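Here is the structure we will look at, set down as C-alpha coordinates.
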There are 2 protein chains.
Amino acid sequence: MKWDDLDKQPCSLARALSVVGDRWTLVILRDCFLGVRRFDDLEKRLGITRHVLADRLKKLVEHGVLYKTPYQQKPVREEYRLTEKGLALHPVVMALVHWGDQHMADERGAPIVHVHKQCGQFMQPVTVCSCCGEPVTARDIRVEVGSGWQDRSSELIPEKDCC
Amino acid sequence: MKWDDLDKQPCSLARALSVVGDRWTLVILRDCFLGVRRFDDLEKRLGITRHVLADRLKKLVEHGVLYKTPYQQKPVREEYRLTEKGLALHPVVMALVHWGDQHMADERGAPIVHVHKQCGQFMQPVTVCSCCGEPVTARDIRVEVGSGWQDRSSELIPEKDCC
DNA sequence: TAGGTTGAGTTCCTTTTTGGAACCTGTCAA
DNA sequence: TTGACAGGTTCCAAAAAGGAACTCAACCTA
(Lines give C-alpha, C1' and ligand atoms only; values in the text may rest on other atoms or scores of the structure.)
Protein backbone atom coordinates (compact mmCIF):
# COMPACT_ATOMS: atom_id res chain seq x y z
CA MET A 1 0.00 0.00 0.00
CA LYS A 2 1.15 3.49 -0.75
CA TRP A 3 1.40 5.90 2.11
CA ASP A 4 -1.11 8.23 0.50
CA ASP A 5 -3.79 5.54 0.68
CA LEU A 6 -3.45 5.22 4.41
CA ASP A 7 -6.15 7.76 5.20
CA LYS A 8 -8.71 5.68 3.33
CA GLN A 9 -8.45 2.84 5.82
CA PRO A 10 -11.24 2.45 8.37
CA CYS A 11 -8.80 3.20 11.15
CA SER A 12 -8.47 6.44 13.05
CA LEU A 13 -4.84 5.79 13.81
CA ALA A 14 -4.04 5.39 10.13
CA ARG A 15 -5.95 8.57 9.36
CA ALA A 16 -4.15 10.46 12.08
CA LEU A 17 -0.81 9.19 10.84
CA SER A 18 -1.62 10.26 7.30
CA VAL A 19 -1.34 13.79 8.73
CA VAL A 20 1.31 13.53 11.45
CA GLY A 21 2.95 10.17 10.78
CA ASP A 22 5.93 11.20 8.74
CA ARG A 23 9.48 11.79 9.83
CA TRP A 24 9.30 15.50 10.56
CA THR A 25 5.76 16.60 11.23
CA LEU A 26 5.61 15.93 14.96
CA VAL A 27 8.96 17.60 15.50
CA ILE A 28 7.59 20.68 13.76
CA LEU A 29 4.47 20.54 15.92
CA ARG A 30 6.57 20.20 19.06
CA ASP A 31 8.11 23.55 18.24
CA CYS A 32 4.72 25.03 17.46
CA PHE A 33 3.59 23.97 20.95
CA LEU A 34 6.68 25.71 22.34
CA GLY A 35 5.62 28.93 20.62
CA VAL A 36 7.82 28.86 17.54
CA ARG A 37 5.90 30.31 14.64
CA ARG A 38 8.18 31.43 11.83
CA PHE A 39 9.65 29.57 8.92
CA ASP A 40 13.19 30.67 9.59
CA ASP A 41 13.02 29.93 13.29
CA LEU A 42 11.71 26.45 12.59
CA GLU A 43 14.45 25.83 10.08
CA LYS A 44 17.21 26.99 12.45
CA ARG A 45 15.87 25.03 15.40
CA LEU A 46 15.04 21.81 13.62
CA GLY A 47 17.90 21.41 11.19
CA ILE A 48 15.35 20.39 8.59
CA THR A 49 15.88 21.22 4.93
CA ARG A 50 13.92 24.19 3.71
CA HIS A 51 11.90 22.47 1.09
CA VAL A 52 10.82 19.65 3.36
CA LEU A 53 9.81 22.25 5.94
CA ALA A 54 7.87 24.22 3.32
CA ASP A 55 6.14 21.05 2.19
CA ARG A 56 5.22 19.91 5.70
CA LEU A 57 3.88 23.33 6.67
CA LYS A 58 1.77 23.45 3.52
CA LYS A 59 0.29 20.04 4.29
CA LEU A 60 -0.39 20.95 7.89
CA VAL A 61 -2.21 24.08 6.74
CA GLU A 62 -4.19 22.04 4.19
CA HIS A 63 -5.21 19.63 6.93
CA GLY A 64 -6.28 22.47 9.21
CA VAL A 65 -3.67 21.75 11.87
CA LEU A 66 -1.90 25.09 11.38
CA TYR A 67 -3.03 28.37 9.90
CA LYS A 68 -1.06 31.24 8.41
CA THR A 69 -1.56 34.72 9.70
CA PRO A 70 0.32 37.92 8.83
CA TYR A 71 2.36 39.52 11.56
CA GLN A 72 3.49 42.48 9.46
CA GLN A 73 2.70 44.23 6.17
CA LYS A 74 5.28 45.55 3.70
CA PRO A 75 6.58 43.09 3.13
CA VAL A 76 3.85 40.71 4.13
CA ARG A 77 5.28 38.20 6.58
CA GLU A 78 3.20 35.36 7.84
CA GLU A 79 3.56 33.05 10.76
CA TYR A 80 2.13 29.62 11.45
CA ARG A 81 -0.07 28.95 14.42
CA LEU A 82 -1.91 25.98 15.78
CA THR A 83 -5.63 25.74 15.12
CA GLU A 84 -7.97 24.07 17.59
CA LYS A 85 -7.45 20.88 15.61
CA GLY A 86 -3.73 21.33 16.02
CA LEU A 87 -4.01 22.13 19.72
CA ALA A 88 -5.98 18.90 20.07
CA LEU A 89 -2.77 17.05 19.21
CA HIS A 90 -1.30 18.10 22.53
CA PRO A 91 -2.07 14.77 24.25
CA VAL A 92 -0.19 13.00 21.47
CA VAL A 93 2.86 15.20 21.91
CA MET A 94 2.70 14.91 25.70
CA ALA A 95 2.39 11.13 25.51
CA LEU A 96 5.39 10.88 23.22
CA VAL A 97 7.48 13.22 25.35
CA HIS A 98 6.56 11.28 28.47
CA TRP A 99 7.47 7.96 26.85
CA GLY A 100 10.75 9.49 25.71
CA ASP A 101 11.41 10.73 29.24
CA GLN A 102 10.72 7.32 30.74
CA HIS A 103 12.32 5.07 28.17
CA MET A 104 14.78 7.02 26.05
CA ALA A 105 16.35 9.56 28.40
CA ASP A 106 19.97 9.35 29.43
CA GLU A 107 21.19 9.48 33.01
CA ARG A 108 20.60 13.22 33.23
CA GLY A 109 16.84 12.83 33.09
CA ALA A 110 14.20 14.78 31.23
CA PRO A 111 15.48 17.77 29.21
CA ILE A 112 12.19 19.58 29.57
CA VAL A 113 9.64 19.49 32.34
CA HIS A 114 6.04 20.60 32.34
CA VAL A 115 4.34 22.78 34.90
CA HIS A 116 0.58 22.61 35.25
CA LYS A 117 -0.44 26.25 35.52
CA GLN A 118 -3.56 25.54 37.58
CA CYS A 119 -1.92 23.54 40.34
CA GLY A 120 1.60 24.90 39.96
CA GLN A 121 3.27 21.50 40.15
CA PHE A 122 5.58 19.65 37.83
CA MET A 123 3.38 17.11 36.08
CA GLN A 124 3.41 14.09 33.86
CA PRO A 125 0.52 13.26 31.59
CA VAL A 126 -1.67 10.43 32.84
CA THR A 127 -4.23 8.79 30.58
CA VAL A 128 -7.50 8.06 32.34
CA CYS A 129 -10.89 6.66 31.39
CA SER A 130 -13.41 9.31 30.40
CA CYS A 131 -16.12 7.47 32.32
CA CYS A 132 -14.67 6.43 35.63
CA GLY A 133 -11.56 8.59 35.74
CA GLU A 134 -9.25 5.71 36.59
CA PRO A 135 -5.85 5.43 34.87
CA VAL A 136 -5.88 3.03 31.93
CA THR A 137 -3.14 0.88 30.45
CA ALA A 138 -3.10 -1.40 27.45
CA ARG A 139 -4.24 -4.30 29.63
CA ASP A 140 -7.36 -2.47 30.78
CA ILE A 141 -8.85 -1.98 27.32
CA ARG A 142 -10.98 -4.19 25.12
CA VAL A 143 -11.60 -3.19 21.53
CA GLU A 144 -14.97 -3.40 19.75
CA VAL A 145 -16.26 -2.52 16.32
CA GLY A 146 -17.78 0.95 16.15
CA SER A 147 -20.23 2.74 13.91
CA GLY A 148 -17.59 3.77 11.41
CA TRP A 149 -16.70 0.20 10.69
CA GLN A 150 -17.03 -1.19 7.17
CA ASP A 151 -17.32 -4.93 7.27
CA ARG A 152 -15.41 -5.53 4.07
CA SER A 153 -12.53 -6.75 6.19
CA SER A 154 -14.17 -8.55 9.06
CA GLU A 155 -10.92 -10.02 10.27
CA LEU A 156 -9.49 -6.70 11.27
CA ILE A 157 -9.92 -7.32 14.99
CA PRO A 158 -8.20 -10.50 16.12
CA GLU A 159 -9.44 -12.38 19.13
CA LYS A 160 -6.17 -12.27 20.96
CA ASP A 161 -5.15 -9.78 23.55
CA CYS A 162 -2.05 -7.68 23.13
CA CYS A 163 -0.31 -9.27 26.10
CA MET B 1 19.96 17.06 9.98
CA LYS B 2 19.83 13.41 9.17
CA TRP B 3 17.07 11.35 10.72
CA ASP B 4 19.58 9.14 12.50
CA ASP B 5 20.91 12.11 14.43
CA LEU B 6 17.53 12.91 15.86
CA ASP B 7 17.97 10.79 18.95
CA LYS B 8 21.04 12.77 19.95
CA GLN B 9 18.99 15.90 20.50
CA PRO B 10 18.22 16.90 24.08
CA CYS B 11 14.53 16.35 23.43
CA SER B 12 12.47 13.41 24.54
CA LEU B 13 10.05 13.85 21.69
CA ALA B 14 12.87 13.64 19.16
CA ARG B 15 14.22 10.56 20.91
CA ALA B 16 10.80 8.94 20.94
CA LEU B 17 10.32 9.73 17.27
CA SER B 18 13.69 8.22 16.43
CA VAL B 19 12.01 4.93 17.38
CA VAL B 20 8.37 5.36 16.38
CA GLY B 21 8.42 8.43 14.15
CA ASP B 22 8.61 6.89 10.75
CA ARG B 23 5.81 6.18 8.33
CA TRP B 24 4.95 2.61 9.34
CA THR B 25 6.07 1.92 12.88
CA LEU B 26 3.00 3.13 14.71
CA VAL B 27 0.70 1.28 12.33
CA ILE B 28 2.64 -1.88 13.12
CA LEU B 29 2.33 -1.16 16.82
CA ARG B 30 -1.40 -0.56 16.50
CA ASP B 31 -1.73 -4.12 15.25
CA CYS B 32 0.49 -5.40 18.03
CA PHE B 33 -1.87 -3.75 20.52
CA LEU B 34 -4.75 -5.53 18.79
CA GLY B 35 -3.01 -8.86 19.34
CA VAL B 36 -1.43 -9.44 15.94
CA ARG B 37 1.92 -11.13 16.40
CA ARG B 38 3.14 -12.79 13.23
CA PHE B 39 5.07 -11.52 10.30
CA ASP B 40 2.63 -12.81 7.72
CA ASP B 41 -0.43 -11.52 9.54
CA LEU B 42 1.13 -8.09 9.82
CA GLU B 43 2.00 -8.08 6.16
CA LYS B 44 -1.52 -9.09 5.09
CA ARG B 45 -3.25 -6.62 7.38
CA LEU B 46 -1.03 -3.65 6.77
CA GLY B 47 -0.31 -3.81 3.07
CA ILE B 48 3.30 -2.99 3.88
CA THR B 49 6.11 -4.39 1.78
CA ARG B 50 7.89 -7.32 3.33
CA HIS B 51 11.32 -5.85 3.57
CA VAL B 52 10.13 -2.64 5.17
CA LEU B 53 8.18 -4.73 7.65
CA ALA B 54 11.22 -6.89 8.39
CA ASP B 55 13.35 -3.78 8.85
CA ARG B 56 10.86 -2.07 11.18
CA LEU B 57 10.38 -5.19 13.30
CA LYS B 58 14.12 -5.60 13.62
CA LYS B 59 14.49 -2.01 14.76
CA LEU B 60 11.65 -2.31 17.23
CA VAL B 61 13.28 -5.41 18.70
CA GLU B 62 16.64 -3.62 18.88
CA HIS B 63 14.99 -0.75 20.72
CA GLY B 64 13.31 -3.12 23.17
CA VAL B 65 9.78 -2.27 22.10
CA LEU B 66 9.04 -5.77 20.83
CA TYR B 67 10.61 -9.14 21.58
CA LYS B 68 10.67 -12.32 19.57
CA THR B 69 9.51 -15.52 21.14
CA PRO B 70 9.11 -18.96 19.54
CA TYR B 71 5.61 -20.36 19.25
CA GLN B 72 6.72 -23.66 17.64
CA GLN B 73 9.85 -25.70 17.00
CA LYS B 74 10.68 -27.54 13.77
CA PRO B 75 10.75 -25.29 12.02
CA VAL B 76 11.31 -22.58 14.57
CA ARG B 77 8.66 -19.94 14.15
CA GLU B 78 8.76 -16.79 16.18
CA GLU B 79 6.22 -14.15 16.94
CA TYR B 80 6.61 -10.56 18.02
CA ARG B 81 5.18 -9.29 21.26
CA LEU B 82 5.16 -6.01 23.08
CA THR B 83 7.60 -5.55 25.92
CA GLU B 84 6.77 -3.35 28.88
CA LYS B 85 8.50 -0.53 27.03
CA GLY B 86 6.24 -1.23 24.07
CA LEU B 87 3.13 -1.46 26.21
CA ALA B 88 4.07 1.93 27.61
CA LEU B 89 3.39 3.36 24.16
CA HIS B 90 -0.31 2.69 24.64
CA PRO B 91 -1.12 6.29 25.65
CA VAL B 92 0.51 7.46 22.41
CA VAL B 93 -1.60 5.10 20.32
CA MET B 94 -4.75 5.95 22.25
CA ALA B 95 -4.11 9.68 21.87
CA LEU B 96 -3.60 9.32 18.12
CA VAL B 97 -6.70 7.16 17.70
CA HIS B 98 -8.75 9.62 19.70
CA TRP B 99 -7.52 12.55 17.66
CA GLY B 100 -8.30 10.62 14.50
CA ASP B 101 -11.79 9.86 15.81
CA GLN B 102 -12.44 13.49 16.63
CA HIS B 103 -10.82 15.20 13.69
CA MET B 104 -10.38 12.76 10.82
CA ALA B 105 -13.43 10.46 10.98
CA ASP B 106 -16.09 10.51 8.30
CA GLU B 107 -19.82 10.81 9.01
CA ARG B 108 -20.04 7.21 10.20
CA GLY B 109 -18.02 7.88 13.31
CA ALA B 110 -15.25 5.90 14.95
CA PRO B 111 -14.38 2.57 13.32
CA ILE B 112 -13.21 1.10 16.60
CA VAL B 113 -14.34 1.82 20.13
CA HIS B 114 -12.65 1.04 23.40
CA VAL B 115 -14.21 -0.59 26.43
CA HIS B 116 -12.66 -0.05 29.83
CA LYS B 117 -12.69 -3.51 31.38
CA GLN B 118 -12.83 -2.24 34.95
CA CYS B 119 -15.87 -0.01 34.57
CA GLY B 120 -17.40 -1.69 31.55
CA GLN B 121 -18.11 1.57 29.72
CA PHE B 122 -17.09 2.84 26.32
CA MET B 123 -14.27 5.24 27.00
CA GLN B 124 -12.11 7.89 25.46
CA PRO B 125 -8.63 8.63 26.73
CA VAL B 126 -8.38 11.80 28.81
CA THR B 127 -5.01 13.29 29.68
CA VAL B 128 -4.84 14.55 33.24
CA CYS B 129 -2.22 16.09 35.50
CA SER B 130 -0.34 13.54 37.58
CA CYS B 131 -0.47 15.87 40.59
CA CYS B 132 -3.97 17.26 40.76
CA GLY B 133 -5.79 14.87 38.46
CA GLU B 134 -7.41 17.65 36.45
CA PRO B 135 -7.62 17.36 32.65
CA VAL B 136 -4.86 19.31 30.91
CA THR B 137 -4.76 20.99 27.50
CA ALA B 138 -1.98 22.78 25.68
CA ARG B 139 -3.05 26.05 27.29
CA ASP B 140 -2.64 24.67 30.81
CA ILE B 141 1.03 23.82 30.49
CA ARG B 142 4.19 25.85 30.96
CA VAL B 143 7.50 24.41 29.90
CA GLU B 144 10.72 24.63 31.91
CA VAL B 145 14.25 23.38 31.52
CA GLY B 146 14.85 20.07 33.26
CA SER B 147 17.86 18.20 34.57
CA GLY B 148 18.60 16.57 31.21
CA TRP B 149 19.10 19.91 29.55
CA GLN B 150 22.43 20.78 27.96
CA ASP B 151 22.81 24.52 27.72
CA ARG B 152 24.67 24.47 24.43
CA SER B 153 21.54 25.79 22.79
CA SER B 154 20.03 28.11 25.32
CA GLU B 155 17.48 29.47 22.89
CA LEU B 156 15.59 26.21 22.64
CA ILE B 157 12.66 27.38 24.72
CA PRO B 158 11.11 30.55 23.30
CA GLU B 159 9.28 32.96 25.52
CA LYS B 160 6.07 32.83 23.59
CA ASP B 161 3.12 30.64 24.35
CA CYS B 162 1.78 28.26 21.77
CA CYS B 163 -1.53 30.11 21.45
C1' DT C 1 22.33 54.94 -4.38
C1' DA C 2 24.96 50.70 -4.05
C1' DG C 3 25.29 46.91 -1.34
C1' DG C 4 23.85 43.88 2.21
C1' DT C 5 20.13 41.65 5.11
C1' DT C 6 15.79 39.35 6.18
C1' DG C 7 11.95 36.18 5.62
C1' DA C 8 9.93 32.84 3.03
C1' DG C 9 10.30 30.23 -0.05
C1' DT C 10 12.02 27.37 -5.05
C1' DT C 11 15.18 24.86 -7.97
C1' DC C 12 18.55 21.55 -8.99
C1' DC C 13 21.06 17.56 -8.15
C1' DT C 14 22.59 13.58 -5.23
C1' DT C 15 21.72 10.15 -1.73
C1' DT C 16 18.36 7.33 0.96
C1' DT C 17 14.11 5.08 1.52
C1' DT C 18 10.10 2.83 -0.35
C1' DG C 19 7.24 -0.09 -3.36
C1' DG C 20 6.79 -4.24 -5.87
C1' DA C 21 7.95 -8.46 -7.33
C1' DA C 22 10.72 -12.53 -7.30
C1' DC C 23 13.56 -15.68 -4.88
C1' DC C 24 15.34 -18.59 -0.77
C1' DT C 25 15.10 -21.99 3.23
C1' DG C 26 13.20 -25.66 6.42
C1' DT C 27 9.46 -28.45 7.43
C1' DC C 28 5.32 -30.92 6.75
C1' DA C 29 1.32 -33.00 4.17
C1' DA C 30 -0.77 -35.14 -0.03
C1' DT D 1 7.58 -35.07 -5.79
C1' DT D 2 5.14 -31.35 -5.54
C1' DG D 3 3.11 -27.82 -3.10
C1' DA D 4 2.10 -24.95 0.87
C1' DC D 5 3.51 -22.20 4.85
C1' DA D 6 6.16 -18.93 7.62
C1' DG D 7 9.55 -15.75 7.64
C1' DG D 8 12.42 -13.71 5.61
C1' DT D 9 16.28 -11.55 1.40
C1' DT D 10 17.53 -9.72 -3.04
C1' DC D 11 16.97 -6.79 -6.93
C1' DC D 12 15.47 -2.86 -9.38
C1' DA D 13 12.60 1.28 -10.28
C1' DA D 14 10.22 5.16 -8.18
C1' DA D 15 9.58 8.44 -4.55
C1' DA D 16 11.27 11.22 -0.80
C1' DA D 17 14.89 13.57 1.75
C1' DG D 18 19.42 16.07 2.13
C1' DG D 19 22.25 19.92 0.71
C1' DA D 20 23.44 23.85 -1.53
C1' DA D 21 22.41 27.65 -4.39
C1' DC D 22 19.03 30.86 -6.28
C1' DT D 23 14.83 34.12 -6.13
C1' DC D 24 12.16 38.02 -4.77
C1' DA D 25 10.45 41.99 -2.48
C1' DA D 26 11.19 45.18 0.91
C1' DC D 27 14.05 47.16 4.25
C1' DC D 28 18.66 49.06 6.47
C1' DT D 29 23.01 51.36 6.32
C1' DA D 30 26.96 54.02 4.75
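The structure presented is a predicted model; accordingly, all values stated were derived computationally and were not measured.
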Whole-Å distance separating the CG atom of B/Asp4 from the C1' atom of D/dG18: 12 Å
Tabulate protein N/O versus nucleotide N/O from nucleotides 19-21 of chain D, keeping only pairs under 3.5 Å, one per line.
from   : atom 1 : to     : atom 2 : distance (Å)
D/dG19 : OP2    : B/Met1 : N      : 3.4

Please write out the pairs of protein N or O atoms and N or O atoms of nucleotides 27-30 of chain C separated by less than 3.5 Å, giving the distance to one decimal.
from   : atom 1 : to      : atom 2 : distance (Å)
C/dT27 : O3'    : B/Lys74 : O      : 3.2
C/dC28 : OP1    : B/Lys74 : O      : 3.3

Under 4.0 angstrom between B/Trp3 side-chain N/O and C/dT15 OP1 or OP2: no
Side-chain N or O of A/Tyr80 closer than 4.0 Å to phosphate OP1/OP2 of C/dG9: yes
Nearest-Å distance for atom pair CZ/P, residues B/Phe39 and D/dG7: 8 Å
A/Arg50 NZ/CZ over A/Phe39 ring centroid, <6.0 Å and within 45° of normal: no
Gap between atom NE2 of B/His63 and atom CG of B/Asp7 - 0.5 Å precision: 7.0 Å
Whole-Å gap separating C1' (D/dA17) and CG (A/Asp55): 10 Å
Sidechain N-carboxylate O distance under 4.0 Å for A/Glu144, A/Arg142: yes
Sugar-phosphate, base or nothing in reach of A/Glu43, heavy atoms under 4.0 Å: nothing
Short N-O contact, B/Arg56 and B/Asp22, less than 4.0 angstrom: yes
Parallel, tilted or perpendicular, as decided by the 30° and 60° cut-offs, for the rings of B/Trp3 and A/Trp24: perpendicular
Most 5' of B/Ala54 and A/Arg23 on DNA chain D, judged by nearest nucleotide: B/Ala54
B/Asp140 side-chain N/O to B/Thr137 backbone N/O, donor-acceptor pair under 3.5 Å: yes
Value in whole Å for how far the C1' atom of C/dT6 lies from CD of A/Glu78: 16 Å
Spacing of A/Met123 atom CE and B/Cys129 atom SG [to the nearest 0.5 Å]: 4.5 Å
Rounded distance (Å) that lies between atom P of C/dG7 and atom CG of A/Leu53: 14 Å
Euclidean distance, atom CG of residue B/Leu46 to atom C1' of C/dT18 [Å, nearest integer]: 15 Å
Spacing between A/Asp5 atom CG and C/dG19 atom C1', to the nearest angstrom: 12 Å
Short N-O contact, B/Asp55 and B/Lys59, less than 4.0 angstrom: yes
Six-ring centre of B/Tyr71, B/Arg81 cation under 6.0 angstrom, axis tolerance 45°: no
Distance below 4.0 Å between A/Tyr71 side-chain N/O and C/dA8 OP1 or OP2: yes
Of B/Arg38 and A/Ile48, the one whose closest DNA chain D nucleotide lies more 5': B/Arg38
Nearest heavy-atom neighbours spanning A/Val27 and B/Leu17: CG2-CD1, 3.5 Å
Interatomic distance where CH2 belongs to A/Trp24 and P belongs to C/dT16 [whole Å]: 16 Å
N/O (side chain, A/Lys58) to phosphate O (OP1/OP2, C/dA8) under 4.0 Å: no
